[in-house]
Student: 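Could you have a look at this structure, given as structure tokens, before my questions?
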Amino acid sequence: MATSMLGPVRGPGPFGLARLFRHRPPREAWERVRRLPGPSAVRRSVAAASGPGVPGSDHYCLELLRKRDYESYLCSLLFPAECRSAVSALRAFNVELAQVKDSVSEKTIGRMRMQFWKKAVEDMYCDNPPHQPVAIELWKAVKRYNLTKRWLMRIIDEREKNLDDKAYRSIQELENYAENTQSSLLYLTLEVLGVRDLHADHAASHIGKAQGIVTCLRATPYHSSRRKVFLPMDVCVQHGVSQEDFLRRNQDKRVRDVVYDVASQAHLHLKHARSFSGSVPSKALPAFLQTVSLENYLKKIQRVDFDIFHPSLQQKNTLLPLSLYIQSWRKKY
């Protein structure tokens, strides 16, 4: 269980810019970072594309990412220019599926939307995508990079099962969900980068699981405000914590211990992913830039002693563009 992994998360370590600047990037790096778009960039509204040849669908995907998944938006800007639109399409596809759960009042409607995406993927592989901007861009990516259909369908299937709105019974169940969604998305991203490598796949699997766990933690305050709790039940039971404790935003030691255990499991997956870093092809590294924001969150929650409702955890990291660029320059994850 996660309790055996707690040391690395608890242990003190250097935090902030000192660690990042151990190796100084070249002077021109600063100018390039300053030009990275911020939250107010890409404001142009884009009409939904009316056909595969209509321009604007690529901007639609970027705008969707900027509004709904800003961290992925920033990461996408650091990919090689020739594959940036395909990566944005994959991430926008993920956003479209992720927001179904929160945007429908009935499960039946949610399932209908998932059926739309299942048919859309089937049609993409028959060169007949629906006239929907994300679908059009995803179809272009499928054609250009010969993306594996199985990964796309697995993401949809897992998101559809998750419409049930039930807490994860165990941390293993949460990891399985993350593997089928976040890790599958990374496998597809590696295909866009032209990487088909076993070590890269292993790293992607662990990073995807860490992403899923951290996303569950980060969303806990929002979910509790809607009287829902999705943290693994086995960890809660182990510490004698009920869902009501999270709904009441209880901050006692038992609740923090639950958060501590779950965060430790995410940290362990990051550690495992980095154990492959010496064998992962360098051109795979842009796919793994999200480790910057994952580690940032784990450090922040450690600093507030695993108080998952602490206001500082909801604040945007204004240094994220700089941190991402430096990590990209250093070619590390």
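Keep in mind that this is a model prediction, so the values were computed, not measured. Along the sequence shown, residues are numbered consecutively beginning with 1.
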Student: Taking atom types as modelled, is there a side-chain donor on His310 or Asp305 under 3.5 Å from an acceptor on the other?
Tutor: no
Student: Please check if the number of heavy atoms outside Met124 that lie under 6.0 Å from its CE is greater than 12.
Tutor: yes
Student: How far does NZ of Lys300 sit from OG of Ser293, to the nearest 0.5 angstrom?
Tutor: 10.5 Å
Student: Do Tyr125 and Phe93 sit in the same hydrophobic cluster, where Ile, Leu, Val, Met, Phe, Trp and Tyr count as joined when their side-chain heavy atoms come under 4.5 Å apart?
Tutor: yes
Student: Taking a hydrophobic cluster as the set of Ile, Leu, Val, Met, Phe, Trp and Tyr residues connected by side-chain heavy atoms closer than 4.5 Å, whether directly or through intermediates, do Met233 and Val235 fall within one such cluster?
Tutor: no
Student: If you compare all heavy atoms of Phe246 against all heavy atoms of Ser224, which two are closest, and at what distance to 0.1 Å?
Tutor: O-CB, 3.8 Å
Student: Asn176 pairs by side chain to side chain donor-acceptor pair (under 3.5 Å) with which of Glu173, Gln172, Glu179?
Tutor: Gln172
Student: Under a plain distance cut-off of 3.5 Å, with no hydrogens placed, do Glu191 and Thr148 share a side-chain donor-acceptor pair?
Tutor: yes
Student: So, Asp252 and Arg256, do they make that salt bridge, N to O below 4.0 Å?
Tutor: no
Student: Tyr177 and side chain to side chain contact (heavy atoms under 4.5 Å, CB included): which partner among Gln182, Arg159, Lys209?
Tutor: Arg159
Student: Using a strict threshold of under 4.0 Å (side-chain N to carboxylate O), is an ion pair present between Glu158 and Arg154?
Tutor: no
Student: Atom CZ of residue position Arg274 - does it have more than 12 heavy atoms of other residues, nucleotides or ligands inside 6.0 Å?
Tutor: yes
Student: Is the closest side-chain donor-acceptor distance between Asp127 and Trp139 under 3.5 Å?
Tutor: yes
Student: Taking Leu324's backbone N and O only, do any of them form a donor-acceptor pair with Ser328's side chain (distance below 3.5 Å, no angle check)?
Tutor: no
Student: Run the side-chain contact (heavy atoms from CB on, under 4.5 Å) test on His223 and Cys216 for me, step by step, so that the C-alpha distance in whole Å, both residues' side-chain angles and the decisive distance to 0.1 Å come before the verdict.
Tutor: CA-CA 9 Å; His223 288 145; Cys216 184; over 6 Å; no
Student: Run the salt-bridge test on Arg227 and Glu244 with the 4.0 Å N-O cut-off and return the result as yes or no.
Tutor: yes
Student: For the side chain to side chain contact (heavy atoms under 4.5 Å, CB included) test, which of Glu122, Gln132, Met153 pairs with Trp117?
Tutor: Gln132
Student: Using a strict 4.0 Å threshold on nitrogen-to-oxygen distance, state whether Asp102 and Arg226 make a salt bridge.
Tutor: yes
Student: Output yes when a side-chain donor or acceptor of Asp307 lies under 3.5 Å from a complementary backbone atom of Phe309, and no otherwise.
Tutor: yes
Student: For Val192 and Cys83, which heavy atoms make the closest approach, and how far apart are they?
Tutor: CG1-CB, 3.4 Å
Student: Main chain of Gly240, side chain of Arg254: is a donor-acceptor contact present, judged purely on distance under 3.5 Å?
Tutor: yes
Student: Once the angle between the rings of Tyr187 and Trp151 is folded into 0 to 90°, is it parallel (under 30°), tilted (30 to 60°) or perpendicular (over 60°)?
Tutor: tilted
Student: Would Lys161 and Asp157 pass as an ion pair if we require N to O under 4.0 Å?
Tutor: no
Student: Run the numbers on Arg91 and Thr189 for side chain to side chain donor-acceptor pair (under 3.5 Å), then give the verdict.
Tutor: CA-CA 9 Å; Arg91 288 289 169 180; Thr189 306; 4.8 Å; no
Student: Is the number of heavy atoms from other residues, nucleotides or ligands within 6.0 Å of CZ (Arg169) greater than 12?
Tutor: no
Student: Ignoring hydrogens, what is the shortest heavy-atom contact between Ser76 and Val87? Give both atom names and the distance.
Tutor: CB-CG1, 4.4 Å
Student: Under a 4.0 Å N-O cut-off, is there an ion pair linking Asp165 with Lys101?
Tutor: yes
Student: Should the pair Glu71-Arg218 be classified as a salt bridge under the 4.0 Å nitrogen-to-oxygen rule?
Tutor: yes
